[in-house]
Amino acid sequence: TNLVDNYRHGFLYLFIWIMLFAGLIMLQPNISSGIMLITISIIMVYVGGARLKHIFVSMLASAALIGSAAMIFSHSRSRIVSFVESLFSGGDLNFQVKQALYSLGSGGLFGVGIGNSMQSNLFLPEAYGDFIFAILGEEFGMIGSIAVLLAYLVFLGCGILIAKKSRDAFGQLLAFGITISIVFYAFVNVAVTTGVFPTTGLPLPFISYGGTSLIFLCISVGILINIAFTNYMRQNGVVHVPDKKPVEGVSG
């Protein structure tokens with residue numbers, strides 16, 4: 001019996017754990033990582049069989065927690081206020097976002113070439129980390145930027161296909177979770193760089209500077225490949241593993 005669709009005896013316990021860990025992350029303070037944890041976890045719970053009305057109620061509660069936490073800490077409050085003012089009141093853009101847009105715009109169609117970026121010479125803060133996509137756009141141009149985005153879309157398609165072909169619930173959820181977390185981080189990073197989202201400190205997977213991040217991303221992809229290889233072995237009768245009930249949200 002799937003207990004996730006039962007609010008009191010299944011979904012509520014999962015939601016409490018999600019909010020507990022997200023709350024601890026926000027107290028660091030790291031609002032953006034807490035938001036990412038809540039969003040990805042809620043998506044996973046929904047794919048695992050939770051009802052849409054339970055998701056809607058939980059998202060309202062999450063929004064209240066996130067909004068309160070974001071307004072309490074001065075750094076996140078200033079970023080949100082400046083972002084809203086730039087949208088509705090014609091306020092000035094965040095300095096990093098402005099420099100990132102300069103970088104993207106100066107790249108043109110084909111870019112200025114590898115290592116020829118001007119904005120990376122201390123004009124754009126954190127150019128090697130949070131705003132690396134802007135440097136990609138400057139050095140490789142619009143063609144290179146689109147190629148990077150297409151690579152993430154291909155990864156998304158492959159990950160979902162691996163999840164759909166998995167015959168057990170754990171493999172489906174694990175493959176889907178790895179895929180959606182990597183692609184979602186990429187989407188948020190690009191949205192921040194282009195000024196669509198408020199400024200956050202989230203890296204661009206596989207590209208932003210950071211050895212530990214790269215190690216765990218490679219481990220995640222290795223697990224995803226292992227799931228795909230296991231699916232292939234099962235389909236070709238090389239190994240026989242008893243099938244478990246698949247997750248309807250993924251297989252359907």
For [X] and [Y], indicate whether the former's side chain and the latter's backbone hold a donor-acceptor pair under 3.5 Å.
X: Asp130; Y: Asn189; value: no
X: Ser208; Y: Pro203; value: no
X: Asn226; Y: Gly222; value: no
X: Ser120; Y: Ser117; value: yes
X: Thr194; Y: Ala191; value: yes
X: Ser213; Y: Gly210; value: no

Is [Y] reachable from [X] through a run of I, L, V, M, F, W or Y residues, each pair having side-chain heavy atoms under 4.5 Å apart?
X: Leu214; Y: Tyr209; answer: no
X: Val112; Y: Phe110; answer: no
X: Phe140; Y: Tyr128; answer: no
X: Leu20; Y: Ile38; answer: no
X: Val4; Y: Leu52; answer: yes

* May I have the step-by-step check of side chain to side chain donor-acceptor pair (under 3.5 Å) for Gln172 and Ser166, ending in yes or no? => CA-CA 6 Å; Gln172 287 183 346; Ser166 183; 5.5 Å; no
For the residue pair [X] and [Y], establish whether any side-chain heavy-atom pair is separated by less than 4.5 Å.
X: Val45; Y: His54; value: no
X: Thr230; Y: Arg234; value: yes
X: Met19; Y: Leu37; value: no
X: Leu136; Y: Leu204; value: yes
X: Val196; Y: Val192; value: no
X: Phe176; Y: Ile43; value: yes
X: Thr179; Y: Ile162; value: no

Distance (rounded to the nearest 0.5 Å) between [X] [atom1] and [Y] [atom2]:
X: Ile16; Y: Ser58; atom1: CD1; atom2: OG; answer: 12.0 Å
X: Met36; Y: Leu202; atom1: CE; atom2: CG; answer: 5.5 Å
X: Asp168; Y: Ile227; atom1: CG; atom2: CD1; answer: 8.0 Å
X: Ser33; Y: Phe21; atom1: OG; atom2: CZ; answer: 15.0 Å
X: Ile182; Y: Leu224; atom1: CD1; atom2: CG; answer: 7.5 Å
X: Ile215; Y: Ser220; atom1: CD1; atom2: OG; answer: 12.0 Å

Can you see which heavy atom on [X] is nearest to which on [Y], and at what distance?
X: Ala50; Y: Ile55; result: CB-CD1, 4.1 Å
X: Gly34; Y: Ala22; result: O-CB, 4.0 Å
X: Glu138; Y: Ser106; result: CG-OG, 3.5 Å

* Asked: Is the centre of the Trp17 ring less than 6.0 Å from the centre of the Tyr13 ring?
  -> no
* To do: List the steps, then state whether side chain to side chain contact (heavy atoms under 4.5 Å, CB included) holds for Val221 with Phe206.
  => CA-CA 11 Å; Val221 174; Phe206 300 108; 3.5 Å; yes
* Asked: Taking atom types as modelled and ignoring hydrogens, do the side chains of Ser103 and Gln119 form a donor-acceptor contact shorter than 3.5 angstrom?
  -> no
* To do: Count the heavy atoms of every other residue, nucleotide or ligand shown that sit under 6.0 Å from CD1 of Ile114, and state whether that count exceeds 12.
  => no
* Name of the residue among Phe197, Phe133, Phe155 meeting ring pair (Phe, Tyr, Trp, His ring centres under 6.0 Å) with Phe187 -> Phe197
* To do: Please step through side chain to side chain contact (heavy atoms under 4.5 Å, CB included) for the pair Phe15 and Ser62, ending with a clear verdict.
  => CA-CA 10 Å; Phe15 182 67; Ser62 302; 3.5 Å; yes
